[in-house]
Amino acid sequence: MRREPIDPAGLAWARVSPKYLRVRLLGWLISSMFWLALLSVPLILRLTGVWDSFPPLGLAWALPAAVLVAAVWTGLLLPRQVAAIGYAERNDDLLVRSGVFFQRTLVVPYGRMQYVDVAVGPIERAFGLCTLKLHTASPATNASIAGLPTNEGARLREQLSARGEARLAGL
Amino acid sequence: MNEDPASGAPAGQRRADFSLISNPDDAWSRVHIISPLVRGWIALAAIGFFFGRDWFEGLFSDEGPAGVPGGLGTGWAVAIVLGVVALIVLAFLVSWYFTRYQVTEEHVRVNTGVLFRQNRQARLDRVQAIDVVQPFLARLFGLAELKFEVADAGESAVRLAFLKLADAHRLRATILARAAGVRPDPEHPDQIQEAPEHEVVAVPVSRVIGGALLSGTTVLLVAGAVVVVVITAVFRTPFAVPTLIPVVLGVVGAYWSALNTGYNFRAALSPDGIRVRYGLLDTRSQTVPPGRVQALGIVQSPLWRLKGWYKITVNVAGYGAAASSEGQARATLLPVGTREEVLRILALVLPDPGTDDPIRVFTAGLESGGSAGGFTTTPRRARLLGLLSWKRNGFAVTRTALLIRSGVLWRALAVVPHERTQSLSLHQGPLDRRFRVAGLQVQTTPGPVAPRIRQVDETLARELFHSQARRAAEARRRSGPEQWLMTQDTPPSDRPPSRPPISQPISQPAEPARKDTPPHEQL
């Protein structure tokens, strides 16, 4: 993984599980199929002659084509997006990075943590993964790390809670 | 009627919640008996209007009172109305009877509900703000509502509506004294005096009106009028007056709320924090204890520049991000003020500005562009990203706060004390990367201020990101205790029983600011 300009120097990012890519791909596949099927309806109705003239044939073709292009594009980006997710525990704070085109690096001091969530969805559970989310007093703090192996998620949760308690600092 | 059944009765007879009382000395009290009527007057007025109108109209028609089913007479109609009113009043009374509150050494507790009972308990030292509100009708009865805010940003943790005004003030003083860690006088535990205060800013009515007339609303109104006139002139369409009615209503509403919430605005300093009072019909008195302001924003709409006026809004954890005019008014620390007053309010919120020349730094943040006052702006190579704003975009760091400057027409300066930073994030989109710049966002509790630095040099942004994280951690370690009058080196029992003089707790760190902007000299 190459270093981006906004990445802090001298920091080793912990990466999420490679299995998370499969979770994302599966999710991507399902949502792409859904949208493709939905937006193909006018085309099918037009071709079967149920609808006569209203959607011009070009438009009826363009809808699923656009979905297909968008799906392929996001699908191609997925591996890089998953690879771009990283987190690092430092002495006083947790760093979380994400994004390929729109990159973001977030730092959350342990003392500012209000609570930690660990959530597991059905697909994630099948792959033994979980999503960890950190909450501060600000709802704008969007500190979630998806695709952690379950035991790593549990370890991180305990670690964060312990460190948060040690550095507790009200608001 | 106001006699408290919970205190002094044998324990066996009490309801289940009696066991929750840890300290029987702190008696349970009820809100004022007529408060349900003040709260529910709209329902009663609606019933009165609905039936009254039918009855009144019936007087003038030949068929007798209309709208009564089955041809019943007037007597029945009156009886039905009275019955409904009596039922509502009874419901009010029952809900009033079952609503009780208690303030102990550490908690405030409120029990409400008849079928679904709710026992709520909030820690006093978690207080973020206390408001004493008097809606117009309550004001006529001499009543007030007390709101106790904690940091969940939802509705008020504790709302006591309504109390007698004097009781509300006494309760607020008690809560603040206990939350501050002041021990009561052992011989007179009931006599807790309201902390003394010094008025810092009083906004004259003329300026509130002027501020409303010169506000952004007016700018938009004028711009809209120009557009309408141009369109009618160009297309020769008839001028449709009715379409303007909602616009006029909106504008009048905006002016009214500016006047209603800015009228008689006063800000004062007390050991309990910043006190703010305002209101024309509804009056409100807010107390924000020290260290509860999470971020502060100073804004200036284009026309205010003529007069040099500014508005100060704050993020306070308990106030949340309500978009209503009431919510906006609560988060306003100065509706319209001069630069000198802005600096005085800043001295209240940020007693130690953390620079040797605060006036120069803050003035540069308010008024100028470029690097004056130690600001770092968008580099010249990225000026295409903000043709007008690149010189104004910028940040400055003092020992105690981060200053973020932005806006050319609508000038804004956001101030975030280091120890109040919740988290920081560094952003870079593809366009930013092309110009080697990055943005930095500081997350604070919800509110009108959203501190965000745009388009600074990426190396500088990364350095700021790390140094800011470090500074925030250091400032948090140094920051005072939640109980703001309790210092760590003196145990609570050694504190003098009465309130300390005003200069003791606050002026010590405030010294650098006071030299330049003395709040007391304006008294």
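Residue numbers begin at 1 in each chain, while the letters A, B, ... track the order of the sequences.
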Are more than 12 heavy atoms from other residues, nucleotides or ligands located less than 6.0 Å from atom [atom1] of [X]?
{"X": "W35(A)", "atom1": "CH2", "answer": "no"}
{"X": "R434(B)", "atom1": "CZ", "answer": "no"}
{"X": "E106(B)", "atom1": "CD", "answer": "no"}
{"X": "R471(B)", "atom1": "CZ", "answer": "yes"}
{"X": "R452(B)", "atom1": "CZ", "answer": "yes"}
{"X": "W61(A)", "atom1": "CH2", "answer": "no"}

Between R104(A) and Q441(B), is the side chain to side chain contact (heavy atoms under 4.5 Å, CB included) condition met? List the steps. CA-CA 10 Å; R104(A) 192 191 66 152; Q441(B) 201 173 349; over 6 Å; no
Margin query: At a 4.5 Å cut-off on heavy atoms, which part of A461(B) comes close to chain A: side chain, backbone, both, or neither?
Written below: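 Neither the backbone nor the side chain of A461(B) comes within 4.5 Å of chain A.
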Please classify the contact of T459(B) with chain A as side chain, backbone, both or neither, using a heavy-atom distance under 4.5 Å.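 For T459(B), no heavy atom lies under 4.5 Å from chain A.
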The ring-ring contact (aromatic ring centres under 6.0 Å, His included) partners of H107(B) (sequence neighbours excluded) come to none
Of the listed T444(B), L424(B), D432(B), the one with the largest count of heavy-atom pairs under 4.5 Å with chain A is L424(B)
Per-residue tally against chain B (heavy atom, under 4.5 Å) across D92(A), D93(A), L95(A) peaks at D92(A)
I need the R90(A) CZ to R470(B) CZ distance, nearest 0.5 Å.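 Here the interatomic distance stands at 9.0 Å.
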Output for pair (F102(A) CZ, L431(B) CG), nearest 0.5 Å, gives 8.5 Å
request  = Search all heavy atoms of S423(B) against all heavy atoms of V107(A) and return the closest pair with its distance.
outcome  =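 Minimum heavy-atom separation between S423(B) and V107(A): CB-O, 3.1 Å.
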Evaluate the criterion side chain to side chain contact (heavy atoms under 4.5 Å, CB included) for residue pair Q443(B) and R112(A); output intermediate values, then yes/no. CA-CA 11 Å; Q443(B) 278 98 29; R112(A) 281 294 182 246; over 6 Å; no
